[in-house]
**Student:** 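Pasting a structure below so you can have a look.
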Amino acid sequence: MIEIKNVTKDFPGNNKAIDSLNLTIPDGKIVGFLGPNGAGKSTTIKMMTGILPLDSGSITLNGFDIEKNALEAKRIFGYVPDQPDMFLRLKGIEYLNFIGDIFEVPKEIRAERIETLTKQFNIYDALDDYIQTFSHGMRQKIIVTGVLIHDPDIWILDEPLTGLDPKSSYMLKEMMRDHAAKGNTVFFSSHGLEVVEQLCDEVAIINKGRLIFYGNIDELRDEYHTDQSLEKVFLELTDDA
Amino acid sequence: MHKTWVLIKTMLKMQYSKAGGNSSQIWLLAIVIIFSIPLLALYIGILQNLISELYNVLQPLGQDSIIPGLLFLSIHMLLFLISLITVISAFYFAEDIESFIPFPLKAYQLLLGKAASPFLYLYLTSGAFFLPAFFIYGMVSDASLIFYFYGIILFILLPIIPFTVASILLMIVMRFVNIAKNKDRSKVLAGIFSLAFIIFINVVIRLNTNSNEMMADLAKFIQEKDGLLQMATSFYPPALFSTRALNETASSEGFLFFLLMIGLSLGAFFLFIWLGELFYLKGVLGLGSGNKRKISQKKMKKQITARPVWLAYIQKEIRIILRTPTFLMQCVIQSLFGPIFILILLMLDTANLSGFMNLFSEKHSILMLFIATLLILGGNATSISSISREGKSWHANLFLPLATKQIFYSKILTAWLINLLSIILILIIFIWLLHVPGEMIIIWLILALVANWFTSSLGTYLDFLKPKLNWTDEQEIFKARMIAFIALLLEAGIFGIIVLILWNIGVLEGLYTTSFILFLCLMAAIFTVQLLLNKKIKANEHQHI
Ligand SMILES: Nc1ncnc2c1ncn2[C@@H]1O[C@H](COP(=O)(O)OP(=O)(O)OP(=O)(O)O)[C@@H](O)[C@H]1O
Ligand SMILES: [Mg+2]
């Protein structure tokens, strides 16, 4: 479970990039995070993962405060950033091994997971190459693999499906469903409304740093008295005019 | 023309732009200025003395033209060496060229854009070395206004010829080295090649300066007016032309030499553009940087090993340093370059040196060895790029479950380990070439290892104050950042003063007491840096960069 309480974030020249945000992401559900470009999705996720400091408020992950118990909190989530351009000078296998060392994953489990996952994602043959030579999607996959290796309770994914081929995207979605079905937390941001519609149990919609809706998709339709497509609802909801 | 100008401006901006100066920058700048003023005064004073002495001796003999002659000769030489290093990094190591390739630009436009940054360096260098000497010579020799006018124009032309020669050489080399098929590897090869070339030139010059022959030649050339100049610059006409232009400002001959220099520079410039069109893109757009090969099941199993976190982290750091051509050059090879350079020069000269250490007392010897070592360690770029090297990967340090202190200490340890290479090299020099006694070597080694921790942690702390993470090319970490200079200035400044005091305190004698005081000072310095670092970490500053 992730609890975001009264979180505010200012950037120089952009006050209230996140404006007193309250959001609880329950266990056992896939929660989608929607909003137009610049709404504050990545900023929120970066605060959840300890990359950005909070200006006020608090965020806890399974009870661990990301600021006060940073190390404990960081051990229980896996994060896929929106830009997968990290550790380009390492080979794929070295990156996965590095992550394994940091999360202290036992050697045998590590080896087995690396093999199954990378074969599923079709990057096994590229493991001995530098990540620099990987395509965007391949980089994404190696980072997702890195997350799955240490099997965290909470998944936090920033636009994980962008750039994945249909097969990999299908697989990742299946994995998300499995993970949530086991009673874990899955939180991901996305621009793909169809994905959200077929995958998510709940959605959180944010605009200009404020939460404007939280609930399931039927509730969203009810609230706006319409059976229009999700796209129309979303456009209406985030319309600034 | 307009496009070229826009390109130059964009490329410079990408390299030198800063996020905006804040307070920490200002006090650093203040320190730099305070430390540099006395040095500057000293520099000008020495130069003034040297030139006027030389002039007073040489002028009656009609040989005063050798002064600007040697000046031009050595500046051209210096600029050539600097060009080799800056050109190879700007033209070939920097990857930003790839983002300009898709634009409808000609090779020469890219080349000019790329040349802007090396030129900036060349002008800074010639400004620092040529201009003061030039003006002092002008004053000493009571020169006319035309002298200064010619001089300024010649100053503007100064970098063109050395730059052209260096870059043409490199473009041809790179065109063929790149056949090695691996971009990273050929970059490193070419980098080592150009450093080796510099050493080679020095060795050749030293071997050719036979002092007996020189004296005989000297006696001959000194008979005729400007004979020395002719002798010194005979193998390098640009220096001769520039000097003749300056020295004969009154006659039309001087004017002709002046025009000749302008023509020569223009010619060099166009040659550069023409050859650049021919060779540059072919060399830079060599081939991909990866070598794809399938991994065997067995081999992969072998690569999976469990390590403690700190070891995994340091291994990652060292891998990245060794694999990134820019980091390898800046952090490893360039810092070994100094000691190797000294090593080779000493080897040519061993006869005079074995007794060198006997000239000084033990106390003075250890002080000298210590300060020299500190300078070499302080010059290493590993610590001052500790944070900045991460670039876009920095965020991973924040979301991975790593204790912040552990991150910083692993980085300091990495810098320390890289510096061990220099220490080992110096150790070899001390043992085999300088024949430093065993007792002193052990004491020196202890001091060096501790000093290494000091420079490594101070560098890391300074990088932490103002890291550069948003680079698109690794070069940007090392350029246009005062940090390397500040680190060295702080280290050399603080310990320079301490060494100077210890040197002059008469009551204090003996190897052990002196070394012990140095050791205590180092410990105090390390403690201070650690305190500052921990304070920043406690304040969660690492999240704010
Ligand atoms: N480092 C920063 N400095 C200043 N402003 C920032 C910074 N990072 C984000 N912002 C601002 O905060 C706001 C939210 O940005 P954020 O990246 O969270 O958007 P997003 O919802 O993830 O958008 P996208 O869908 O495009 O990924 C934007 O207005 C952005 O300009
Ligand atoms: Mg985003």
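Letters A, B, ... mirror the listed sequences (proteins, then strands); counts begin at 1.
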**Student:** Determine whether A:Tyr130 and B:Arg323 make a side-chain contact, defined as any pair of heavy atoms from C-beta on separated by less than 4.5 Å.
**Tutor:** yes

**Student:** Looking at CD1 of B:Ile304 and CD of A:Glu94, how far apart are the two atoms once the value is rounded to the nearest 0.5 Å?
**Tutor:** 12.0 Å

**Student:** So, does B:Lys316 use its side chain to make a donor-acceptor pair with the main chain of A:Phe87 at under 3.5 Å?
**Tutor:** no

**Student:** Is there a side-chain contact between B:Gln303 and A:Asp128 in this structure, where contact means two heavy atoms from C-beta onward sitting under 4.5 Å apart?
**Tutor:** yes

**Student:** Are any non-hydrogen side-chain atoms of A:Ile99 and B:Leu400 less than 4.5 angstrom apart?
**Tutor:** yes

**Student:** Mind checking the OG-CG spacing from B:Ser393 to A:Leu88? Nearest 0.5 Å is all I need.
**Tutor:** 6.0 Å

**Student:** Only pairs of heavy atoms separated by less than 4.5 Å count here; which of A:Gln83, A:Arg75, A:Lys46 has the most with chain B?
**Tutor:** A:Arg75

**Student:** Do A:Asp101 side-chain atoms and B:Arg307 backbone N/O form a donor-acceptor pair below 3.5 Å?
**Tutor:** yes

**Student:** For A:Glu104, which atoms come within 4.5 Å of any heavy atom of chain B: side chain, backbone, both, or neither?
**Tutor:** side chain

**Student:** With only heavy atoms counted, which part of A:Ile114 is less than 4.5 Å from chain B, the side chain, the backbone, both or neither?
**Tutor:** side chain

**Student:** Counting a contact as any heavy-atom pair under 4.5 Å apart, which residues of residues 51-66 of chain A contact chain B?
**Tutor:** A:Ile51, A:Leu52, A:Pro53

**Student:** By a 4.5 Å heavy-atom criterion (distance strictly below it), what part of A:Tyr95 contacts chain B: side chain, backbone, both, or neither?
**Tutor:** neither

**Student:** Report the C-alpha distance between B:Ile320 and A:Leu90 in whole Å, list the side-chain angles of each, state the deciding distance to 0.1 Å, and finish with yes or no for side chain to side chain contact (heavy atoms under 4.5 Å, CB included).
**Tutor:** CA-CA 7 Å; B:Ile320 290 175; A:Leu90 294 186; 4.3 Å; yes

**Student:** Apply side-chain hydrogen bond (donor to acceptor under 3.5 Å, both in side chains) to B:Asn540 and A:Glu67, showing your working.
**Tutor:** CA-CA 10 Å; B:Asn540 269 338; A:Glu67 296 198 298; 5.4 Å; no

**Student:** Taking the side chain as every heavy atom from C-beta outward, state whether B:Lys392 and A:Met86 have any pair of such atoms under 4.5 Å apart.
**Tutor:** no

**Student:** For atom CE of A:Met1, decide whether the heavy atoms of other residues, nucleotides or ligands shown that lie under 6.0 angstrom number more than 12.
**Tutor:** no

**Student:** Is there a donor-acceptor pair closer than 3.5 Å between any side-chain N or O of A:Arg110 and the backbone N or O of B:Thr305?
**Tutor:** yes

**Student:** Is it true that A:Arg89 and B:Glu474 make a salt bridge, defined as a side-chain N closer than 4.0 Å to a carboxylate O?
**Tutor:** yes

**Student:** Can you establish whether the number of heavy atoms outside A:Lys119 located under 6.0 Å from its atom NZ is more than 12?
**Tutor:** yes

**Student:** Going by the angle between their ring planes, with limits at 30° and 60°, are B:Phe399 and A:Tyr79 parallel, tilted or perpendicular?
**Tutor:** perpendicular

**Student:** Under 6.0 Å from the CD atom of A:Glu112, do we count more than 12 heavy atoms belonging to anything else shown?
**Tutor:** no

**Student:** Does atom NZ (A:Lys5) have a neighbourhood of more than 12 heavy atoms from anything else shown, all under 6.0 Å?
**Tutor:** no

**Student:** With a 4.5 Å cut-off on side-chain heavy atoms, are A:Thr49 and B:Leu398 touching?
**Tutor:** no

